[in-house]
Amino acid sequence: MQAEIVMIGTELLLGQIVDTNATFMGQVLAENGINLYQKTTVGDNRERINRALETALARADVVLTSGGLGPTEDDITRECIAEVFGRPLELRPELVEELEARFRRIGRRPTGNNLKQAYAPEGAVALENPNGTAPGLMVEDARGIVIAMPGVPRELKPMLKDHVLPFLRKRFNLSGLVHYRVLKVCGVGESAIDTAIGPLIRDSANPTVGLLASPESVRIRIAARADTKAEAETLIDAMAAKVHVALPGLVMGVDDETLEGAVAAQLRARGWRLALAETHTAGMMAQRMSTADAASFAGGLVLPAAACPGSGAAVCARELADAVRRQFGAECGFASVLLEEAGQARAVLLTPEGALEWELRFSSLGEVGQLRATVSGLEHMRRHFAGVSEPPW
């Protein structure tokens, strides 16, 4: 089967809210082996919504929509679906009862426009929404199926998982699924990673391997199609092992694991705590370390981003790292200071086992530059504690 999604709401086009629903829907459909070939976003305009639905029905077996099921004048999704399918809207007594019961539970009475949500196109199946007042709608004819869900994420997500997916799996006899794992690499460029694992990307069929770069990390996505999650995991395990061989020690974490979490785990295993002196990362390292594991983070200072003289930067950074270590009673101290050359800093990590020094490079002192410098500092710590050598490329 093929699916499309139509996201409805002028606020999406204006950038007033981030479209997290489309991301979630795409992920869930992929995990269930459902092909999603196109997404359309359309404003609250009857003609354009109708055209988007009709175009999607001409291409896909199932069209999933989000938004426009509320009680206000600009919530017109149900009216548009009724027009596209040529079916009049009808007031459903059972939906009126559910709506009134929900308002009673919260000590309120529905207004006249709330009753709008109790209407459905003739012959439509209403989908239960225990988290809101707008039921979902499912309508079909020879062209295909349109399934409309609310735009509120806490309403859409359970409706998709609890009602829509079971229906689709049964209706289209979907027995397989797609499962994926994301390996994260920091401090290495996308092109270098592509060079290292290019044959795996080029020659993979099941599982497939793909790359996605961001200012913080390069994410290596390994996706496998199988009948069960356990079978997919087995396929992914074999491919992940090949990636680890091609990138020895450079995979920082998997899926939701974080760089600061990896550093905190290494400190915790040694019984050490870390103190930080930040001069150009605006406390970003301290914030992340304290969130990851307060027990392994001793404290930190955020200092003005003033450059040290080139010849004295190493001494300045070392003295600062030692001072912050002593101030907070930590076993490890980290400091980085700007060099006179733009976009460069000197970093020092002091531990009970010795010192590590390196240069940080970044494009600016803006937010992205601070993020990249933070990631570079944490990744150098992670590699040092893990005994990982610098990659040759």
Side-chain angles (χ1 to χ4, degrees), residues 4-25 39-57 62-140 145-164:
E4 285 198 22
I5 55 180
V6 176
M7 313 306 294
I8 298 171
T10 302
E11 66 276 9
L12 297 174
L13 295 177
L14 295 177
Q16 293 176 325
I17 63 171
V18 177
D19 189 2
T20 58
N21 281 346
T23 300
F24 177 78
M25 292 164 70
K39 180 195 83 167
T40 301
T41 302
V42 62
D44 300 310
N45 177 279
R46 188 183 300 266
E47 181 181 345
R48 288 193 287 272
I49 293 173
N50 287 357
R51 187 163 58 245
L53 292 174
E54 289 169 349
T55 302
L57 279 170
V62 176
V63 180
L64 305 175
T65 78
S66 166
L69 294 179
T72 63
E73 289 294 332
D74 60 350
D75 290 315
I76 55 175
T77 298
R78 63 174 55 81
E79 289 85 346
C80 292
I81 293 174
E83 290 180 7
V84 168
F85 282 89
R87 301 183 187 181
L89 288 171
E90 56 184 13
L91 184 64
R92 301 278 183 90
E94 70 277 11
L95 295 183
V96 175
E97 292 177 7
E98 291 174 9
L99 187 67
E100 292 176 340
R102 180 170 183 82
F103 274 90
R104 282 196 299 270
R105 287 195 296 271
I106 60 176
R108 293 171 53 194
R109 297 181 62 182
T111 58
N113 58 355
N114 285 124
L115 288 177
K116 176 180 178 179
Q117 297 173 301
Y119 281 85
E122 184 180 65
V125 175
L127 303 176
E128 182 183 2
N129 179 11
N131 301 294
T133 59
L137 298 171
M138 185 161 58
V139 189
E140 67 176 300
I145 307 170
V146 171
I147 301 176
M149 293 172 285
V152 181
R154 66 180 179 84
E155 299 178 28
L156 177 141
K157 291 180 180 181
M159 185 179 292
L160 179 62
K161 285 195 168 185
D162 298 341
H163 299 290
V164 176

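- Counting heavy-atom neighbours within 6.0 Å of E73 CD, excluding the residue itself, gives a total of 12 or less.
- With sequence neighbours excluded, no residue forms a side-chain hydrogen bond (donor to acceptor under 3.5 Å, both in side chains) with R78.
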Under 3.5 Å, which donor-acceptor pairs link side chains of residues 6-18 to any protein atom two or more places apart or in another chain?
residue: T10; atom: OG1; partner: D44; partner atom: N; Å: 2.9
residue: T10; atom: OG1; partner: D44; partner atom: OD2; Å: 3.4

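- Listed by chain and number, the residues in a side-chain hydrogen bond (donor to acceptor under 3.5 Å, both in side chains) with T41 amount to none (sequence neighbours excluded).
- Scanning all heavy atoms of the two residues, the minimum distance from S66 to P150 falls at OG-O, 3.6 Å.
- Within the 4.5 Å cutoff, no side-chain heavy atoms of E98 are placed close to those of P135.
- Interatomic distance, CG of L64 versus CG of N21, reported as 11.5 Å (0.5 Å rounding).
- Listed by chain and residue number, R154, E155 satisfy the side chain to side chain contact (heavy atoms under 4.5 Å, CB included) test with V152 (two or more places apart in sequence, or in another chain).
- Between L127 and the options L160, V164, L137, a side-chain contact (heavy atoms from CB on, under 4.5 Å) holds for only V164.
- For the residue pair V63 and A56, the shortest heavy atom distance occurs at CG2-CB, 3.6 Å.
- A52 approaches T40 most closely through the heavy-atom pair CB-CG2, 4.3 Å.
- When all heavy atoms of V139 and A124 are compared, the closest pair comes out as CG2-CB, 3.5 Å.
- Residues P158 and P153 approach most closely at CD-O, 4.2 Å, considering heavy atoms.
- The side-chain hydrogen bond (donor to acceptor under 3.5 Å, both in side chains) check on N131 picks up nothing, with sequence neighbours excluded.
- In terms of heavy-atom proximity, A118 sits nearest to L95 at O-CD1, 3.6 Å.
- Put simply, the side chain of K39 reaches to within 4.5 Å of the side chain of D19, judged on heavy atoms.
- A search for side-chain hydrogen bond (donor to acceptor under 3.5 Å, both in side chains) contacts involving R46 returns E83, not counting sequence neighbours.
- Here E47 pairs with N45, R51 under the side chain to side chain contact (heavy atoms under 4.5 Å, CB included) rule; sequence neighbours left out.
- In this view, E90 and R92 satisfy the salt bridge (Lys or Arg N to Asp or Glu O under 4.0 Å) rule, not counting sequence neighbours.
- Residue pairs satisfying the salt bridge (charged side-chain N to carboxylate O under 4.0 Å, His left out) criterion with at least one member in residues 104-129, sequence neighbours excluded, are listed as follows: E79-K116.
- With sequence neighbours excluded, the residues satisfying salt bridge (Lys or Arg N to Asp or Glu O under 4.0 Å) with E140 are R171.
- Heavy atoms of other residues, nucleotides or ligands lying less than 6.0 angstrom from CZ of F85 number more than 12.
- Exactly one of I81, V146, V62, V125 qualifies for a side-chain contact (heavy atoms from CB on, under 4.5 Å) with M138. That residue is V125.
- Partners of P71 according to the side chain to side chain contact (heavy atoms under 4.5 Å, CB included) rule, which considers only residues two or more places apart in sequence or in another chain, are D75, N113, N114, Q117.
- Distance check: M149 CE to L156 CG gives 4.5 Å after rounding to the nearest 0.5 Å.
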